[in-house]
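Note that the structure is predicted; figures quoted are calculated from it, not measured.
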Number of protein chains: 2
Amino acid sequence: MSKCEQCIVREFSSLKALNKEEILRIADCKSSYTIKKGEPIFSEGENVNGIFCIKDGVCKMTKLSANGNEQILKLITKGELLGQRSMISDEPVNLSAVALEDMEVCFIPKNEVMRFFNQNNQFSMNVLKNICGDLKEADDHLVAMAQKPVKQRLAETLIYLFDSFGTNPDKSLNIKLSREEIASMVGTATESCIRLLSDFNKQGVIQLSGKKIIIPDRDKLSKLTQ
Amino acid sequence: MSKCEQCIVREFSSLKALNKEEILRIADCKSSYTIKKGEPIFSEGENVNGIFCIKDGVCKMTKLSANGNEQILKLITKGELLGQRSMISDEPVNLSAVALEDMEVCFIPKNEVMRFFNQNNQFSMNVLKNICGDLKEADDHLVAMAQKPVKQRLAETLIYLFDSFGTNPDKSLNIKLSREEIASMVGTATESCIRLLSDFNKQGVIQLSGKKIIIPDRDKLSKLTQ
DNA sequence: TTCATTAGATGATAAATATCATATTTTTTT
DNA sequence: AAAAAAATATGATATTTATCATCTAATGAA
């Protein structure tokens, strides 16, 4: 069992506020899991009772809409925490987390996290600011969904992927998503998404090569978001 | 200047965690304002540096989309607080608040609120839980916007208004909104909104009488949301 | 009250998006 | 490697939604 001291999650998340002693305590009580691509870390409605540290890999945060469609709200990647909101609200999680690639995660039980939360002011402030950031993002996202047409939303989604995951040497997006998954980020039908990608390709804003999406010029694509 | 002790905001908001002494302190440092219908309490991008208590009246929380349309994200009514997220993130507000009717509000400067925040654990926990609730709501709302057609979203909006503001004796919604405002809650064109309201009327799910919207049977309307 | 202005309503039409069908390509399984 | 399955692509069409035009009703100012 690792000591958590060198963990990337400690480096990048709210946990950076914890001191050595507190980190050791976590190392003691955490449990580690490997999640295979396609498997859930948790599912909408579950009682999670703790938070997950994403040590490696990427997952999608999804919610089933009433008509059975899955909406992807965001992607979470290594270094981040999952389940903070639900832990604080003391409610079941409202989103599912599903691995997009094989993942390494750790679980820290609620009572431990809440101990730090109550005794370490910097930690609780970090968590709070994180959630505030999520709320702002959610509001922005909501307005885009309500007001922007599919073409603009698709462009925004591609920019989001570019900014969050960067590109490979060939400038293809460094995140593996099916067209169906991109569509459910955008909030549109898979065929519409494919068609628009194809249009972007013809316009020269992106290049499609197999299922790879190449973004030669971020600015050019970015213009399509407004 | 009132003493805040009997204030409805104290009764219903996070402020209920404050003790008598703390409330007196607020009474001392607060400033009271009357906001006329149509006027903003604050606007997107402003540095607010404190929170507002809504003593009376209702306001809309809006955000301008890139194409110049206003989206109404939610309505805030008496007893609630405004500006918590922005104060905690130490950022300009990301939404505008505009009075839908004449309002009574009080402003509490940031340094005072933060003092309570740091010294009164129950208060900070209340604020945190509030923001967590907002985040959950925003996620749900986002999925509805992305996945549901306009007709369903309109029905949801009417249900939201019914549940939040109730009805007059004639079962008309007890909140005054123009068709344009309803449309910008739903995220659609004003004409489309009017047309659908007219359809609902013909279907007998609602009744239109002047600009009043009468909801004789919540359940019947509720069925249109799925 | 009367006029002017704004809000609401509705038709006609255009544009955006979804759906269904089917072909092609890619991936997985055998 | 071959066969099967799944994902991607694209055409045809239907449905949804927006836009523009025009009319009517409601509201506010003189």
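In this structure, OG in A:S13 is found 7.5 Å from CD in A:Q84, a value given to the nearest 0.5 Å.
Ring pair B:F42/B:F52 is tilted by interplanar angle, where 30° to 60° counts as tilted.
B:R85 has a carboxylate O that lies under 4.0 Å from a charged side-chain N of B:E91, or vice versa, which qualifies the two as a salt bridge.
Taking 4.5 Å as the limit, some side-chain heavy atom of A:K63 sits within range of a side-chain heavy atom of B:D140. You'll find the side chain of B:E181 reaches within 4.5 Å of the side chain of B:I72, heavy atoms only. Counting only heavy atoms from C-beta outward, the side chains of A:T77 and A:I54 never approach each other to under 4.5 Å.
The separation between B:I194 atom CD1 and D:dT22 atom P is 18 Å, rounded to whole Å. As a whole-Å value, the separation of B:L208 CG from D:dA25 P is 15 Å. Between the P atom of D:dA9 and the CG atom of A:L197 lies a distance of 7 Å, rounded to the nearest Å. Residue B:K211 contributes atom NZ, which lies 6 Å from atom P of D:dT27 at whole-angstrom precision.
The side chain of B:T188 contributes an N or O atom lying less than 4.0 Å from OP1 or OP2 of D:dA18. Regarding contacts with the backbone of D:dT17, every side-chain N or O of B:R195 stays at 4.0 angstrom or more from both OP1 and OP2.
Nearest heavy atom pair, residue B:Q71 against residue A:Q147, reads OE1-NE2, 2.7 Å.
In this structure, B:S178 reaches the sugar-phosphate backbone alone: every heavy-atom distance under 4.0 Å involves primed, P, OP1 or OP2 atoms, never a base.
Contacts between chain B and DNA chain C, taken as any atom within less than 4.0 angstrom of a protein heavy atom, begin and end at C:dA7 to C:dA12.
Near DNA chain D, meaning a heavy atom under 4.0 Å away, the residues from residues 138-162 of chain B are B:P149, B:V150.
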